[in-house]
Amino acid sequence: MPKLILIDGSSYLYRAFHALPPLSNAHGEPTGALFGVYNMLRATIKAQPEYVAFVSDAPGPTFRDEMYDQYKANRPPMPDDLRAQVEPMLGLVGALGFPILRVTGVEADDVIGTLADQAHKQGIEVVVSTGDKDMAQLVRDGVTLVNTMTNTTMDTQGVFEKFGVRPDQIIDFLTLTGDTVDNVPGVAKCGPKTAAKWLAEYDTLDNLMANADKVGGKIGENLREALPQLPLSRQLVTIKLDVPLEQGVTDLTMRPRDIDALREMYARYEFKAALKELDAGEPAAAPSPVAAPAISPESLARELVTPDLSGPGTYELVTTQAQFDAWLERLRTAELIAFDTETTSIDSMRADIVGLSLSVEPGVACYIPLTHDYPGAPAQLSRDMVLGALKPIFEDPARPKLGQHAKYDINILSHYGIALQGLKHDSMLESYIWNATATRHDMDSLARKYLGYETVKYEEVAGKGAKQISFSQVDIDTACRYAAEDADVTLRLHHALWPLLQSEPKLRSVYEDIEIPLVPVLAGMEQRGVLIDVNHLRLQSQQLGKRMLELQQQAWGAAGHEFNLDSPKQLIAVLFDELGLPIKVKTPTGAPSTNEEALEAIADDHALPRLILDYRGLAKLRSTYTEKLAEIVNLRTGRVHTSYHQGAVATGRVSSSDPNLQNIPVRTEEGRRIRQAFVAPEGWLVLAADYSQIELRIMAHLSGDEGLLRAFHEGGDVHRATAAEVFGLQPEEVSANQRRAAKAINFGLMYGMSAFGLARQLGVDRGEASDYMARYFARYPGVRDFMESTREQAHRDGYVETIFGRRLYLENLKARNQALRAGAERAAVNAPMQGSAADIIKRAMIAVAHWLKGRDDANMLMQVHDELVFEVKRESIDEVRKAVVERMSGAAALRVPLLVEAGVGANWDEAH
DNA sequence: GTCGATACGTAC
DNA sequence: GACGTACGTATCGACG
């Protein structure tokens, strides 16, 4: 059966653009999407189809725009970097010999649909290469979709599995769900599940519409409301099958490629490997995904998007001593050891090891099951023997190791007396430093993005939800496929990512000198945990609960009936419908807000708002902190062992969860009582050391503003000094209100606040706020220039940098949507300060941890962005305090001193 | 029971 | 629309 491959050029281009790091050639022309398209096309060339077409959108409006003026109104404009690659792409595709079709007045989808329909009728097999789900309506016997990125195909059965409807129901399905990107209205609140349910029951949209009055509930109302517009939506989502075309299917054959044009383009866009192949006269062969790492980002990108065509790697299940010995030998001579542990829990403090996987060469890995335990489980090597044999290797700093999120595995190994040394690389952190926002940094996402590879998912081997089983119950052969792949993919990711970092010395330095050394430090803090006075928390919980009950009774009295105080929805009904209080604030969705600002605004009109405010304050403390913390304390250690996340914050900060120790209350008296539960053991004290005004100091450093630098060099109260400058007074003449205004400006500026925001913050009118800001900028012109140049840099480069060269890419700088763009600009201004502060405290942590090594009289426990908390033996407190302050102050050499304030007490609250 | 969206609030 | 970065809890509606 002859075959026609139809390539959805727009889909290709967009996907390649977003999948690849922003590459460019020596002239600064963007090339990433071009390269991605080129690589995807190679697979098509290799398949040698009889007929092929590359179908692309033609510029200008289509019949859908005429039908509906809001069509695609929500779609952001094509990014400039992508637009610049459209023409070169078409040139390249043409030179490679592909017939190109662009038809004005219709979309590429319609041309593809028409050709697919014609070919189908002529008995030609059709494969549509696309990532667009709308194309599912074309599927039938002999017409399939292939997704080039994931290398998956979709036939009739596949459509049903994915959407829950037959291909011939897809048009009705899409009509019901609508499409927010293309701005096609559907039925409100009707998602894929509801649409599939209805179509299963009524078969067609027409039938459903005829029976719309039988659908009950709110969603039924939504359906009836949408009825008038559904026919239009259906027309919009229907792909045309009758576009008049000049060429027939059989005209669509590959032409000879234009060697000279290709050579010129390959050279221009620096496709070095392709150029080499061309000159060697070799047909373009698929590059091996396990090839030695190349240095240039371009040649690397080639590896990134090319799926492993040789199939899965070779994975060995190790259950005999001889096999294990052979692997030990491999480890001893390995340049880099990729390792991964499998355990019984995602919580590393509670997890037991189940098995371990290793890889020293891409495509080759082993899994060593240790404690799999299910009926009929085969004999496994002894856990203690295996870990005992691996211990000297894992603890040898001269043997480099690689992990994916290695902190977790370090924690696991530590349960078995192995203190891992020599962590050289972590693929999660490589990706995070290369581009913190382009992707999530879990292995599945990274493999998809950087290797074009779909990993075996944890859910597939262990199930999910209530049906999830412990990894120890997973069949060891299945476990091997999953676990060995983890080690293999980790190594392959490293081969993909490390050359990228090497090509950018500053990023490499942030990675090697900050992030990697920080891993064992954070692991140590997690394992140590912080001692909690559970009784203190329980007592506080009780007292809070009692007061909440009282407030609840009073609130019910004020409302005239009982209602759920925790439900904003019920509260809206009571306040605004029943009591008729004025709505002064709305939520982003347009509903009346009941947040603090809203309640505060009507607190003088009625007793209820104040009662709710008081109740909320207590409820927050109790549910989030006193109850939760007491619950989460490890009964064995009496401590809470938080998780620190190194790849979660775009600016480089570390975050904390389970529990989040970085948002424990401090501003109110009742809140500080929670901090009193963070204690030190008998004979020990809590030491808390924090940077004073670090972000403002960084702003002074980065801007070089003389006035601000002087304020910090003179010491004293910087907000007071600012107020004195702005209001033209002596520092001692500054009023409390003036100082408050200056402080608000100082903070607000770092967040990109506008005069409007400042006015709101200070409760003054906008003109007055504008006046303050104008005076501020007149006194501190360097700050204004710095902010302007930061915005410029962001627009020029697409990213901003910290003092140490950490990079933050801004996504929405070119958005057509004003709010998005303004938001990106504010983020651009804030990132260098927040990020530099993060770099500095990370460096301090590494230095302090180094100093603490080998001591048993002090432990670093917590990091709260600009603060480090320790427990220290009473007799060592002065020495430790001095050493900590020195290392924190010395973590960076700025044009202003880095002042560190350290306090000591029996608990965290007292230490402040 | 589980999940996602929404609203709210805590920290730096 | 208007101040950056996180994480956690509760409610509510939908799903299975």
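Side chains included, hydrogens not; waters and symmetry mates left out as well; all remaining heavy atoms used. Treat the numbers as computed from the prediction; the structure is a model and nothing was measured. Chain naming here is simple, since letters A, B, ... match the order of the sequence lines and numbering starts at 1 in each.
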Base-pairing mate for dA2(C) - Watson-Crick or G-U, with both contacts under 3.5 Å: none
Below 4.0 Å: OP1/OP2 of dG9(B) and any side-chain N or O of R616(A): yes
Distance below 4.0 Å between S754(A) side-chain N/O and dG1(C) OP1 or OP2: no
Contact under 4.0 Å: T624(A) side-chain N or O vs dT10(B) OP1/OP2: no
Inter-nucleotide C1' distance (dA2(C), dT10(B)), Å rounded: 23 Å
Between dC3(C) and dG4(B) - C1' atom distance, rounded Å: 27 Å
Base dC12(B) paired with R653(A) side chain (donor-acceptor, <3.5 Å): yes
Short side-chain N/O contact from K628(A) to OP1 or OP2 of dT9(C), under 4.0 Å: yes
Phosphate OP1/OP2 of dA10(C) contacted by S567(A) side-chain N/O (<4.0 Å): no
Side-chain N or O of T589(A) closer than 4.0 Å to phosphate OP1/OP2 of dT6(B): no
Short side-chain N/O contact to dT11(C) OP1/OP2 from N564(A), under 4.0 Å: yes
Residue R760(A) excluded, over 12 heavy atoms near CZ under 6.0 Å: no
Between R616(A) and T594(A): side-chain donor-acceptor atoms closer than 3.5 Å: yes
Atom of R547(A), atom of E670(A) and distance for their closest heavy-atom approach: NH1-OE1, 3.4 Å
